[in-house]
Amino acid sequence: MKIVLTGDLHLGCTSTRIPEEWRQNCRTVQAWLRLVDAVIEAQADLLLLSGDILDRRNLLWEAMGPLQQGVERLSQAGVRCIAVSGNHDASSLPELAAQFSNDVFTLLGKGGKWQRETLSENGNPVLHVDGWSFPSPVVRNDPTLDYPAQSPTDDIPVLGMVHGDPGVSDSKYAPLSLSRLQSLPVSAWLLGHIHRSTFIEGSPWVLMPGSPHPLDPGEPGAHHAWVCELSEGKLSAPLPFCPARLEYSELEIPVSAAEPPSAELLRDKIQQAAEENLNAPMNLIRLQLNGHSAEIDSWQECSENLKDWSPENFRIEKVQFSIHPLLDLAEVAKAGPVPALLVSALETLPQDLHDRLRVVCDSLNRHTVFSGKELPAFEISDLSLQQLLEQHLRKTLEQLK
Ligand SMILES: [Mn+2]
């Protein structure tokens, strides 16, 4: 049995900050219809939707029609949909579900009550799907506290579906705890709500599928649905499926003091970085221009011209200009004891200062939202620590000058 997993489509929305000519292809409705085609083409048996399928801020008629059409086409191709509702579609998804028979579109866990649907293959039960739906847009309790955690009476795998906020215990969007999820007697979890995708191995594995189409620059990186196989009573780990046509990304372009400012050179550098780093047919780039130069104003002018540039597969959404004046460090060091100290720190960072900063960074790392052993903590590496310090020391020296 082939299963496609996704959530957070937010039908009715269009990605932000995109050029007008990309608009049509950056509607979430468009992404949904492409996903439907891909699911049919892959001959999947089941499509699982983990909430926030419909966006509450947008006109429902604009989203409801295409959702309905997609479900109908899937049903004709023999693909069943099973969904739970999220904070956005707590009331609209039940409305949609009411228009279909249960074997075409199943909304699990209506009214915030856990519900099980057992799927069969050739007349034999092969998979239990347990789901819980938002009864209203705000839910302050962890829904898994009511999960009927009786140990399964058969050997059939259980896939749990719930929309909620992992690791945020005071969230008003159904706080979830990853360690609790992984302590329950299920084989796999499909979550919804977080738009960036994360897969956590283990038993059960936990998939946060992310949104299959990105909505704004705050959702950088690859977006896609996922696919897994159920065979011989085992669910395989999910793999990316149907990549989004749009990707938001950040590109760093270094400029060296030896390079004379030129619009052509800048475009060549960006083009090369684009070829090396961009994968989607449409990419919206936030550019970081880094380096040192004696001709900052000219570089500034070159970067302003980038706004009118329309290459085939990317647009520049924003330029973060970080080119700093050239400093003759030997000269600056002569200005007094403090500049001399800073210059020497820039050349070789004293070990005790490095160690103390390392401690601060480690404690920052531990304070990120997904801290603890459940997910890897955000890393401030030694290299980025070095760069961070260099930036600040240089800034201080520029001001002293
Ligand atoms: Mn949500």
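Quick caveat: nothing in here was measured; it's all calculated off a predicted structure. We count ligands from 1, going down the list as the structure has it; atoms in each ligand are counted the same way.
- Using a distance-only test at 3.5 Å, with no hydrogens or angles considered, no donor-acceptor pair links the side chain of Asn25 to the main chain of Trp22.
- Checked against the Mn ion (ligand 1), the N, O or S atom of His193 at the shortest distance is ND1.
- Considering the Mn ion (ligand 1) as centre, the angle to OD1 of Asn87 and to NE2 of His163 is 90° (10° rounding).
- Side-chain contact check for Asp268 and Gln272: no donor-acceptor pair (N or O, by modelled atom type) lies under 3.5 Å.
- Using a cut-off of 2.8 Å, one finds that Tyr173 contributes no N/O/S atom close to the Mn ion (ligand 1).
- Taking the N/O/S atoms of Asp52 in turn, the shortest distance to the Mn ion (ligand 1) belongs to OD2.
- In summary, no N, O or S atom of His88 is located under 2.8 Å from the Mn ion (ligand 1).
- In this structure, the side chains of Leu127 and Val158 stay at 4.5 Å or more apart for every pair of heavy atoms.
- In this pair, Phe134 and His163 present their aromatic rings perpendicular. The plane angle is above 60°, beyond the 30 to 60° band.
- In this structure, Ile82 and Leu119 have side chains that are in contact, with non-hydrogen atoms separated by less than 4.5 Å.
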